[in-house]
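To start, the structure itself, in structure tokens.
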Amino acid sequence: MDKPTVLGYMKDQPRALQAAFAHQSEFVDPFVEVFKRHDIKKVIFFGSGTSYNASIIASYYFKQILGIDASGQYPTVFQNYEKADWTGTLKKEQILFVGISQSGTSISTVDVMKFAKANGYLTLALTEDLNSEITKHVDQVVHLLCGKELTPPETRGYTVTLLTLYLWVLGAAKALHIYDDQKYAEEMAAVKHLTDQFETVVDESEAWYERNKTTIVNSDRIYVLGYGVDYGSVLEGMLKIGEMLRLPTIGYEIEEYAHGPTMAITKQQTLFMIGSDDAEWNRMLEFRKVFKKYTDRVHLITCKDTDVDDRDVNFSVKTNKYLAPLMYTVPFQFVSAKGALDIGIDTGINPFTDQLAHLPE
């Protein structure tokens, strides 16, 4: 049997997304049932690494589509310095704690879910391993249908997690009568279109990397910039490059990058800019034009029609801003995994051997 590789999991994403979509009742129905049984007024998502990045996007989904208070939190920061409700106006059963952990062994996420359940809040875990530690400390367990990834960096798990979270919010929108049957059917058709076309997303991302790999892997520093829902995409891009390509990489909300860090631009630095249908789109294009005066290594990642060149990714697959993050992470996966391969890094080996983040499996 061939040794599992990150590239193998990446190229399996189209199949995994289609399979998850086909079996969505397994993870959507139990989540929606929580909303039916309880008067949920606030959802707090917890996770670390890839799971935290997905949590940031999930909070955007729930605020923008359901109109419900939501946030993505680092588990340890929340447990030590935050409260579930600073106003004191919500009942504990109106607040849902959602812990996301693909392996189910993230120490900080397990701990915050223990804390929440012990203090009487509603708790739910999204995990691939239904026998993992996190499942012992929540009221409801929901299966993440990504399959186990046997290499340290998670790629397939991230895109399947985003799909899961988006289908959750669509299911809740229908159950709460925010979406009528026609609107729900339209949104579901958009999801099916993307999952059916995801092979094209993978192919176009790989072709883009091959066009630009020489300058990318020879960068002094990489910046990942974005806005809105894609701030989560920024964090995931930064994480993946750090995990695999292991070059100094920094992520910024795009407007914040213009407030000081621009003073550090050199011609040896690479800038990735992510975005599509949101208020900052035209502002981002303005920034892009200016940044190109200082470095040729400016790459736009979008599915929105605009002027592009070989340095950019403009996916031929078109979708809405909520689904686009599933696509926008794939170019970073290729930068990270293929870039590492091209410079001789084995991404299947974690050079940091001390066990700090996860419980033993």
Side-chain angles (χ1 to χ4, degrees), residues 17-47 51 53-73 84 90-91 93-100 121-126 139-146 158-196 198 228-233 276-279 303 318-328:
L17 290 168
Q18 290 161 20
F21 183 78
H23 295 91
Q24 62 186 271
S25 61
E26 185 174 339
F27 55 83
V28 173
D29 291 355
F31 179 82
V32 171
E33 191 60 33
V34 172
F35 268 76
K36 288 180 177 178
R37 291 200 312 265
H38 303 278
D39 180 27
I40 304 296
K41 298 294 186 184
K42 184 173 185 177
V43 184
I44 311 173
F45 295 93
F46 296 93
S51 297
N53 303 339
S55 294
I56 294 298
I57 292 176
S59 68
Y60 189 101
Y61 288 165
F62 277 70
K63 288 182 285 189
Q64 297 293 318
I65 296 174
L66 291 188
I68 191 171
D69 188 10
S71 64
Q73 298 279 348
L90 297 178
K91 299 175 182 177
E93 58 267 27
Q94 292 178 312
I95 303 172
L96 176 63
F97 281 59
V98 177
I100 304 174
Y121 294 101
L122 290 172
T123 54
L124 181 150
L126 176 64
D139 302 308
Q140 178 76 52
V141 178
V142 177
H143 197 191
L144 176 63
L145 301 184
C146 63
Y158 178 74
T159 49
V160 174
T161 298
L162 289 189
L163 177 66
T164 300
L165 297 169
Y166 189 61
L167 290 173
W168 276 4
V169 84
L170 293 186
K174 183 182 181 185
L176 299 175
H177 307 292
I178 294 169
Y179 283 174
D180 60 20
D181 289 345
Q182 180 179 345
K183 176 65 172 173
Y184 177 75
E186 290 171 356
E187 297 303 321
M188 290 299 289
V191 179
K192 187 174 189 306
H193 172 74
L194 178 59
T195 57
D196 286 348
F198 213 79
V229 66
D230 281 309
Y231 183 64
S233 302
S276 49
D277 288 326
D278 240 328
C303 66
K318 307 302 179 186
T319 194
N320 64 56
K321 67 181 179 182
Y322 300 117
L323 282 168
L326 275 76
M327 297 197 293
Y328 293 167

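Residues take their numbers from the sequence shown, with the count starting at 1. In what follows, every heavy atom counts, from backbone to side chain, and hydrogens, waters and symmetry copies are set aside.
- Expressed to the nearest 0.5 Å, how far CG of Leu17 lies from CG of Leu162 amounts to 9.0 Å.
- Taking the ring axis of Tyr179 as reference, the NZ or CZ atom of Lys174 does not stay both within 45° of it and closer than 6.0 Å to the ring centre.
- For the atom pair OH (Tyr121) and NZ (Lys42), the distance works out to 9.0 Å, reported to the nearest 0.5 Å.
- With sequence neighbours left out, the side-chain contact (heavy atoms from CB on, under 4.5 Å) criterion links Ala58 to Phe45, Leu165.
- Residues Gln18 and Asp196 form a side-chain contact, since some pair of their non-hydrogen atoms from C-beta on lies under 4.5 Å apart.
- Under the side chain to side chain donor-acceptor pair (under 3.5 Å) criterion, the residue pairs touching residues 162-172 are Tyr166-Glu187, with sequence neighbours excluded.
- Centroid-to-centroid, the aromatic rings of Phe27 and Phe31 stay 6.0 Å apart or farther.
- In this structure, OH in Tyr322 is found 11.0 Å from OG in Ser276, a value given to the nearest 0.5 Å.
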request  = Determine, stepwise, if the pair Phe198 / Met327 fulfils side chain to side chain contact (heavy atoms under 4.5 Å, CB included).
outcome  = CA-CA 8 Å; Phe198 213 79; Met327 297 197 293; 4.3 Å; yes
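- Partner Gln140 forms a side chain to side chain contact (heavy atoms under 4.5 Å, CB included) with one of Leu124, Leu96, Val98 and no other, that one being Leu124.
- Between Lys321 and Pro325 the shortest heavy-atom distance is O-CD, 3.1 Å.
- By the 4.5 Å heavy-atom criterion applied to side chains, Asp69 and Leu90 are not counted as neighbours.
- Proximity of Gln24 to Met188: side-chain heavy atoms (C-beta onward) are separated by under 4.5 Å at one or more points.
- For Ala20 against Leu163, the heavy-atom pair with the smallest separation is CB-CD2, 3.9 Å.
- Heavy atoms from other residues, nucleotides or ligands lying under 6.0 Å from NE2 of His23 number 12 at most.
- Ring geometry for Phe97 against Phe46 counts as parallel: the plane angle stays under 30°, on a 0 to 90° scale with 60° as the upper cut.
- No side-chain donor-acceptor contact under 3.5 Å links Tyr231 to the backbone of Ile57.
- Taking the side chain as every heavy atom from C-beta outward, His193 and Thr319 never approach each other to under 4.5 Å.
- For the residue pair Glu26/His143, the side-chain donor-acceptor check at 3.5 Å is satisfied.
- Checking side-chain atoms of Thr123 against main-chain N and O of Asp139 turns up a donor-acceptor pair under 3.5 Å.
- No side-chain heavy atom of Asp277 sits under 4.5 Å from any side-chain heavy atom of Asn320.
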message = Could you go through Ile56 and Tyr60, starting from their C-alpha distance and side-chain angles, then the distance that decides it, and tell me whether this counts as side chain to side chain contact (heavy atoms under 4.5 Å, CB included)?
response = CA-CA 7 Å; Ile56 294 298; Tyr60 189 101; over 6 Å; no
ask   = Going through the checks in order, is the side chain to side chain contact (heavy atoms under 4.5 Å, CB included) test met by Ile40 and Gln94?
value = CA-CA 4 Å; Ile40 304 296; Gln94 292 178 312; 6.0 Å; no
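- Val32 approaches Ala175 most closely through the heavy-atom pair CG1-CB, 3.6 Å.
- Listed here is the closest heavy atom pair of Gly72 and Ser59: N-CB, 3.7 Å.
- Between the side chain of Asn53 and the backbone N or O of Gly232 there is no donor-acceptor pair closer than 3.5 Å.
- At least one donor-acceptor pair closer than 3.5 Å links the side chain of Lys318 to the backbone N or O of Cys303.
- Side-chain contact check for Tyr158 and Ser51: no donor-acceptor pair (N or O, by modelled atom type) lies under 3.5 Å.
- Between Leu144 and Thr161, some side-chain heavy-atom pair lies under the 4.5 Å cut-off.
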request  = Could you walk me through whether Ile95 and Leu122 pass side chain to side chain contact (heavy atoms under 4.5 Å, CB included), step by step?
outcome  = CA-CA 6 Å; Ile95 303 172; Leu122 290 172; over 6 Å; no
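- Residues Lys183 and Asp180 form a side-chain contact, since some pair of their non-hydrogen atoms from C-beta on lies under 4.5 Å apart.
- In this view, Lys63 satisfies the salt bridge (Lys or Arg N to Asp or Glu O under 4.0 Å) rule with no residue, not counting sequence neighbours.
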